[in-house]
Structure formats: structure tokens, C-alpha cells
Amino acid sequence: MELRIAPQMAVMDKLKILGEAAKYDVSCSSSGSSRKNDGQGIGNTVAAGLCHSFAADGRCISLLKILFTNECIYDCRYCVNRCSNDVPRASFTPDEVCELTMEFYRRNYIEGLFLSSGILYSPDYTMELLCETVHRLRTVHRFQGYIHVKAIPGADPLLIQRTGYLVDRMSVNLEMATAEGLRAIAPNKHRKNILKPMRQIQNGITENKNEITLYKHAPHFCEAGQSTQMVIGALPESDYQIMSVAENLYDKFSLKRVYYSAFVNVNEDRELPALAGGPPLLREHRLYQADWLLRFYGFKVDELLTEKRPNFNIAIDPKADWAVRHLECFPVEINRADYQMLLRIPGVGVKSAGRIVAARRFGNLTFEDLKKIGVVLKRALYFITCSGRMMYPTRMDENYIVQNLTYQNRMGKGEKLPFLSDGTSYRQMSLFDMDGFDDGRTAVS
Amino acid sequence: MEDDRRETYNMEDKYLICEDSLEGIFTGIYEAYALREGHQHLHIQIGEEENLRLFAVYLHILPDPVKTDKVAQTLKRRLGEHVYHTLCRAAASCHLDKGEAVYRTVVDALTAGSGRRVMENLKNPYVARCFELARFTANEAHYETEFIRFQELAAKEPGENGVLFSRIGPKNNVVPFVMPHFADRLSIENFMVYDEHRKLFGVHPAKEEWYLVSAGEDFVLKEFALSEKEEGYQELFRAFHRAIGIKSRENKKLQRQMCAYRYQDYMTEFEQKR
Ligand code: SF4
């Protein structure tokens with residue numbers, strides 16, 4: 001296999017270039033697979049995933065996230081590796097990737113490998129390299145940890161299928177929320193080519209589930225499901241458009257995760273917005289909060305946004321925003337409300353809602369009990385009663401409550417906005433830690 | 001009935017002084033039940049108290065493996081694995097009120113009758129405390145499974161893989177809780193996790209069961225020779241760690257929130273910076 005790169009380049013230099021080149025891919029999750037070690041090689045997987053380190057920007061590092069190569073025949077405008085850019089190029093060999101993965105994994109630096117790639121020669125050629133690499137990792141090295149591989153749009157479906165049987169997760173990046181957006185910004189990419197492998201992977205997963213119910217030992221196909229990523233803020237799409245696309249991907253393509261990546265104008269491309277204050281992190285943050293609400297809190301996009309109100313309130317998180325606009329549903333009696341309603345109370349997360357339901361069997365809960373359970377009372381107090389009483393007398397008035405909820409923010413306390421700026425900075429275990437209680441590594445509540 | 005009540009009135013508080021270990025606490029619970037005096041005036045205390053209470057009786061309890069096992073079996077059988085593990089985690093806490101919290105939680109479960117649901121009874125302050133302590137231990141154990149860094153020591157024979165060694169400094173006694181994770185994951189490796197505060201080793205010989213070794217108070221860890229490639233991989237990981245961060249989003253405060261200094265101090269990728 002001859003590559004265009006000087007083959008004698010040291011692994012250290014390649015790792016610097018190809019780690020750097022992969023950093024804008026936000027997904028680093030290692031969740032969704034649960035596999036014990038078989039005693040023949042190293043590795044296992046943990047359903048909730050594990051973070052292993054945190055980068056200087058505060059994002060979780062779970063996987064060895066690298067590009068196989070940053071050579072690329074395409075010219076996507078938002079991408080550093082586009083062919084019209086003059087940047088140092090490098091390519092790994094499959095063996096180099098295997099060795100790095102194995103040695104990092106043994107030392108507990110990482111949970112596995114996330115392998116993405118620029119398009120070298122052609123989609124097929126590239127996909128074949130990726131497939132070959134993970135095949136070696138699984139068979140020669142008997143690696144049983146987590147593997148996430150990008151499916152290259154336009155590659156032979158057979159290659160994608162073969163890869164799917166070797167890895168835990170595959171993803172195809174949607175890149176832009178709308179087809180027009182994609183055309184404008186990534187001239188070589190077509191919506192159709194992106195959705196096709198996405199559908200193929202979805203079908204592969206469904207069929208595989210049936211196989212596994214029939215034959216217990218049938219090999220797994222992308223056990224951890226598939227994810228995708230959208231770039232946010234490069235084009236003037238509304239939050240409503242973006243979230244509707246996300247909802248569709250969850251409902252129609254059974255995606256596990258949609259990631260939102262705040263646009264960074266790495267190429268200083270004049271046709272694209274130059275963002276003075278850096279990437280629109282706050283917006284990205286709101287999208288992630290809303291995403292959680294869709295996946296774990298039973299919300300629908302149409303409840304959160306409308307054509308007339310297409311963007312999230314920057315001052316207040318989407319759940320609180322919904323609550324203050326639906327004051328007729330509040331206050332909620334903690335000792336009686338059903339689980340779904342508890343979930344809708346600002347300051348109550350998935351975990352604390354579950355604990356409330358369990359604990360109130362032993363007697364009526366008081367505000368003191370709620371505090372122990374992990375309810376964030378300074379947010380919840382406007383929306384709840386315990387045995388018919390509110391914590392303090394409050395006015396059920398939208399402006400009054402919003403003022404109070406945002407007071408902490410204005411004082412520089414309370415919601416730590418840009419610090420939780422993307423999906424990967426939520427700890428992976430935060431699926432059940434959303435109420436900001438368990439470890440102080442708060443998400444929305 | 002009458003007699004009982006009189007007795008309770010006259011009775012002074014009794015403190016069972018137990019060793020700071022799971023055995024210590026479980027033996028204490030065994031003795032507390034063996035006294036058959038009810039539980040109202042009994043307390044479990046870990047280690048010596050500085051301010052001895054007037055009118056209190058102090059009993060010193062030596063840890064006893066047989067009694068420990070009896071208590072463990074009973075708790076597992078009557079309360080289920082889940083509650084049992086919660087109690088073990090609470091008992092591994094660094095907070096010394098854990099003895100009393102675990103004891104009173106057991107009383108709530110076995111004597112007051114909340115049974116398998118005891119951990120849901122957060123209205124009982126001791127249950128709530130136990131819950132909190134167990135969560136603290138569980139969280140720390142979870143972080144250690146993520147943040148532990150192994151170094152490969154020099155192998156005996158050239159060409160072999162060396163022993164993987166990790167040194168940690170946790171607040172709670174988490175080694176027993178992290179070992180099962182790595183024993184599965186690194187089943188074919190020889191590895192050791194060393195808690196330098198407790199001088200406690202978790203040892204896993206390749207393809208065998210893991211076990212704990214207490215090195216004793218006077219133990220001093222000596223420097224090990226590293227394998228030939230060890231430095232190189234550490235350098236590679238540090239380089240990767242630097243490369244993956246987005247400069248325009250640098251946020252050391254968030255980094256510290258996610259991974260506290262007390263972990264960073266033991267981690268390959270942070271060593272150089274501090
Ligand atoms: S396909 Fe587009 S986004 Fe991917 S590496 Fe090439 S230029 Fe970048």
C-alpha cells in the first residue's frame with residue numbers, strides 16, 4: 001500500500017498532526033456497548049462509557065481520536081484538511097494505529113479508538129484502509145475495547161457492512177442541518193450520500209438485533225449504535241430547524257446521539273461568518289440541553305420552539321423556559337405528581353425524579369428531604385409544593401420567576417454557561433446525573 | 001415490658017470502639033446485636049475518641065473474620081447484593097462517622113423492618129448519611145477507574161510484557177472497588193494498583209484472581225525500573241493530549257472541575273505541568 005506521505009515520518013509527528021486534525025469532531029463517547037473480556041486478549045466495554053482525561057479546553061478524552069490520514073481530495077469549506085489548504089499532511093499505517101491503541105489502552109489512557117479520515121484517493125480506498133485497521137486490531141491484537149469508526153459517504157456498502165461487524169459504533173456526519181446548507185459549504189458532499197450509509201447502518205443494527213435473538217452468538221453489528229454531527233453557526237439556520245432535524249434523526253434513523261459542533265472558522269473563509277467572540281458556545285450549549293430534553297425528559301421539539309419563536313432563549317435554559325411559559329402546570333405537588341411531571345420541574349433531574357418516587361413511599365417528603373435527594377431547590381422552589389406548601393411565598397408570574405432564576409447568573413454564579421459548552425464535556429455517566437447532584441459536574445436540570 | 005423500660009432509663013450510652021475497616025465495622029455490628037440490649041444506647045465509633053464522654057461506657061472490639069463473615073452473609077441474604085454493596089462502600093469511606101451510619105442503617109433494615117428497601121428511606125438521617133458516604137466512595141472509585149495510569153515496569157525476559165503498575169492517593173479506600181474492573185479488562189496482564197495513603201496493594205497476576213496486600217505502616221515504595229518503551233508511550237500520550245485540545249476554547253477551570261488536581265497529580269499527561 002503506497003501512500004503519498006514520506007513513510008519515514010515518526011509516529012510522534014503523525015500523532016501530533018492527525019490528533020490535531022481530529023479535534024473538531026466532537027463525539028468522543030465510549031458508551032453503549034457492554035462486553036466482558038473473554039480472557040484471550042485485552043479489553044472490555046462499559047455501558048455508560050468512561051472518560052479517561054480532560055483536554056485543556058475541558059472536553060472529555062475517552063478515545064484515541066485520530067484521523068487515519070488528513071490527505072483529502074475534497075474541499076469542504078469549514079475544514080482545515082480541505083485539499084485547497086496548504087497544511088502538513090500525514091498518514092498512519094494500520095499497524096501504527098494498532099500499536100498506539102494497544103499500548104495506550106494497557107496503560108488506561110483511553111477507552112478505545114475513534115478512527116476517522118480524510119478521503120485518500122477515493123471513498124472506497126479510504127474505507128478499505130479503515131476496515132483493514134480495525135480488522136487487524138480485533139483479530140491480530142485481539143482487542144476487545146471500544147471502537148468507533150467513521151463510515152465514509154460514497155464507500156461501497158459491503159465495506160461499510162464489514163466494518164460494522166468489527167466496531168462498536170459507526171457514524172456518518174450530517175455536517176449541515178439542511179441540504180442547501182451542505183451544498184453551499186461542502187461542494188463535494190451530497191445529502192443523499194450521507195443519508196444512504198446512515199440508513200444502511202440503521203438497517204444493519206435492526207437486522208443484527210433479530211439475528212442475536214435467534215442465535216445468541218451471532219456477531220454484533222455496531223452494538224453501540226450510530227451517531228452523527230452537525231456544524232452549528234456557519235449558516236443562518238434557526239435552532240428550530242436544527243432541533244427538528246435532530247428529532248427526525250432520533251425518530252427516523254434511530255440515532256444514539258446527535259452532536260452539535262459550534263463552528264470555528266479555521267480557514268478564515270471570507271464567505272463564512274467570522275465570529276468575533278469565538279465559536280457560539282452558548283448557543284451550542286442550549287442545543288445540547290434541548291437534546292437532553294428530547295432524549296431523556298420526554299419533550300418534543302414543538303413544545304420547546306415554534307416557527308414564530310425559532311430560537312432558544314439565551315438568558316435561560318430550555319427547560320426553565322418551557323416551565324415559565326407553562327405556569328398553568330405549576331406548582332407541582334412533589335408527593336403526588338407522576339414521574340413524567342416531576343421530570344418537567346426545573347431543578348429536578350432524571351435521577352432525583354426517580355429518588356423522589358422511591359422515597360415518598362416511606363412518607364411525605366419535605367423540602368429538607370428534597371435537598372438530600374439532590375433537587376436544586378433554588379431553581380425548583382418556584383414550581384413545587386411539599387404537602388401543599390411552597391417553600392417561600394412566591395408569585396406565579398413569568399417575569400418575576402425569570403428574574404429570580406437569572407439573578408444567580410448575573411451575579412456570576414449559578415449556571416456555568418460556556419464551561420459546559422459541548423456534549424463531550426458532560427461526563428458520560430451523566431445520563432443519570434443530570435440533576436447536578438452526584439458529583440458537582442452539572443448538566444441541565 | 002416494665003422492666004425493660006426501667007433498664008433503658010438507667011442505661012448509659014455504650015460505645016463500641018472498632019477498627020477503621022470493613023471487618024472492624026461488621027464485627028462491631030455483630031457485637032452490638034450480641035449484647036441484646038436494644039440499639040437505642042449503643043454506638044459504633046471508629047478509632048479512639050479524644051473527648052471521652054462522662055457516663056459513657058467504652059468497649060474495645062477487635063476485628064474478627066468469622067463474625068465479619070456472618071454479618072456479611074446475613075446482610076447479603078436479607079438485604080440483597082445491592083444494599084450490601086452500598087454498605088461496603090460506605091464502610092470504605094474516609095469519614096469516621098461511617099461506623100455509626102452503617103450500624104444504624106443496618107438497624108433500620110433488619111430491626112425496624114425496611115429490609116431491602118432501606119436505602120430508599122432517606123428520611124432516616126443515618127440512611128441518608130450512609131447513602132452519601134457510599135456515593136462518595138463510588139464516585140471516587142469510578143474516577144479512579146478512569147484516571148488510573150499504569151506504567152510498564154521492566155520485564156524479566158526481553159520481549160515479554162512487563163508488569164503494569166499504578167500509584168494512587170484516593171481519599172476513600174477504593175482499591176477493592178477498582179480491582180474487579182481492571183481484572184476483567186486486563187485479564188491477561190500482570191498488574192498492581194498501589195494506594196499510597198493506606199499502603200495497600202491490589203495485585204492481579206495474569207489470568208488469575210486478584211487479591212489485596214497490606215504493606216504495613218513502615219513500608220516505603222522503592223523506585224522501579226521502567227520498561228524500555230515506557231517513556232516513549234508517555235511522551236506520545238502527552239503529545240496527543242496537547243494536540244486534541246482546542247486553543248480558542250481553552251478552559252483550565254473546567255478541566256480542573258472535571259478532573260481535580262488530586263487526580264491530576266498522579267496522571268501521566270499532567271505530571272509535567274505541575
Ligand atoms: S471530506 Fe471534507 S470534512 Fe472531511 S477531511 Fe475532506 S475536506 Fe475535511
Side-chain angles (χ1 to χ4, degrees), chain A residues 11-12 15-20 22-24 36-44 46 50-61 64-66 100 103-104 106-109 145 264 278-279 281 355 358-359 361-363 365 369 372-373 416 418-421 425 427 429 438-441, chain B residues 114 117 119-125 128 131-132 135 139 142-143 145-152 161 164 166 181-182 184-189 191 207 229-230 232-237 239-259 267-270:
Chain A
V11 172
M12 176 61 102
L15 184 60
K16 280 184 189 159
I17 294 172
L18 296 169
E20 173 101 29
K23 71 185 175 191
Y24 293 105
K36 286 236 163 235
N37 181 278
D38 70 358
Q40 306 295 312
I42 65 165
N44 61 14
V46 179
L50 292 175
C51 300
H52 282 268
S53 190
F54 288 87
D57 53 19
R59 294 189 306 163
C60 152
I61 299 175
L64 172 61
K65 181 161 57 175
I66 46 177
L100 276 177
E103 294 297 338
F104 278 16
R106 291 177 69 218
R107 287 163 177 78
N108 207 39
Y109 299 164
V264 181
L281 293 179
R355 284 189 195 130
R361 280 196 283 255
F362 291 87
L365 300 176
D369 296 330
K372 279 190 227 144
I373 279 172
K416 298 189 187 72
F419 303 149
L420 285 166
S421 56
S425 42
R427 301 201 40 107
M429 59 185 288
D438 270 68
D439 51 8
R441 305 184 190 194
Chain B
S114 59
R117 311 203 92 159
M119 293 320 299
E120 292 169 14
N121 188 14
L122 294 174
K123 288 179 79 70
N124 176 337
F131 178 78
E132 187 177 39
R135 197 179 50 206
N139 281 345
H142 181 84
Y143 294 145
T145 59
E146 302 181 325
F147 298 148
I148 272 181
R149 296 288 176 261
F150 288 106
Q151 297 189 313
E152 188 183 52
N161 278 350
L164 297 171
S166 171
H181 170 80
F182 290 107
D184 183 68
R185 168 163 296 196
L186 302 177
S187 64
I188 59 167
E189 301 274 0
F191 70 85
K207 302 194 171 187
K229 289 189 165 173
E230 180 56 30
Y233 283 114
Q234 293 189 11
E235 274 310 314
L236 281 167
F237 185 53
F240 172 70
H241 191 262
R242 274 192 302 273
I244 203 81
I246 298 178
K247 303 280 172 310
S248 61
R249 288 179 165 203
E250 185 168 302
N251 192 338
K252 290 279 163 138
K253 196 170 150 209
L254 177 61
Q255 187 185 40
R256 207 169 57 239
Q257 268 170 26
M258 296 306 204
C259 179
M267 293 164 73
T268 316
E269 63 273 36
F270 294 108

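Source: prediction; values computed, not measured. Letters A, B, ... are given to chains in the order of the sequence lines, protein chains preceding strands, and every chain is numbered from 1.
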Got a second to check how far [X]'s [atom1] is from [Y]'s [atom2], nearest 0.5 Å?
| X | Y | atom1 | atom2 | answer |
| --- | --- | --- | --- | --- |
| B:Met258 | A:Arg59 | CE | CZ | 12.0 Å |
| A:Leu18 | A:Lys65 | CG | NZ | 14.0 Å |
| A:Arg107 | B:Thr268 | CZ | OG1 | 9.0 Å |

Tell me, side chain or backbone of [X] under 4.5 Å from chain A's heavy atoms, or both, or neither?
| X | value |
| --- | --- |
| B:Glu189 | side chain |
| B:Arg117 | both |
| B:Ser166 | neither |
| B:Glu230 | both |
| B:Leu164 | side chain |

key: Distance-only donor-acceptor check, side chains A:Asn37 and B:Arg185, under 3.5 Å   =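 No, no side-chain donor-acceptor contact under 3.5 Å.
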
ask   = Any idea which of A:Gly19, A:Ala22, A:Ser53 has the most non-hydrogen atom pairs under 4.5 angstrom with chain B?
value =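 Top count of heavy-atom pairs under 4.5 Å with chain B: A:Ser53.
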
request  = Report the option among A:Arg106, A:Lys16, A:Met12 that has the most heavy-atom pairs separated by less than 4.5 Å from atoms of chain B.
outcome  =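 Of the options given, most contacts go to A:Arg106.
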
ask   = Any idea which of B:Glu152, B:His181, B:Lys207 has the most non-hydrogen atom pairs under 4.5 angstrom with chain A?
value =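 The candidate making the most pairs under 4.5 Å is B:Glu152.
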
Side chain from CB out, backbone as N, CA, C, O: work out which of these in [X] comes under 4.5 Å of a heavy atom of chain B, or both, or neither.
| X | value |
| --- | --- |
| A:Leu64 | both |
| A:Arg361 | side chain |
| A:Phe104 | side chain |

ask   = Between B:Phe237 and B:Arg149, does a side chain to side chain contact (heavy atoms under 4.5 Å, CB included) hold up when you go through it step by step?
value = CA-CA 11 Å; B:Phe237 185 53; B:Arg149 296 288 176 261; 4.1 Å; yes

query = Do B:Phe270 and B:His241 make the cut of ring centroids closer than 6.0 angstrom?
reply =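 Yes, they do, as the ring centres are separated by less than 6.0 Å.
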
ask   = Checking side chain to side chain contact (heavy atoms under 4.5 Å, CB included) for the pair B:Glu269/A:Phe54: CA distance, chi angles, key distance, verdict?
value = CA-CA 10 Å; B:Glu269 63 273 36; A:Phe54 288 87; over 6 Å; no

task = For the residue pair B:Phe191 and B:Phe182, categorise the inter-ring angle as parallel (less than 30°), tilted (30 to 60°) or perpendicular (more than 60°).
result =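 Rings of B:Phe191 and B:Phe182: perpendicular, over 60°.
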
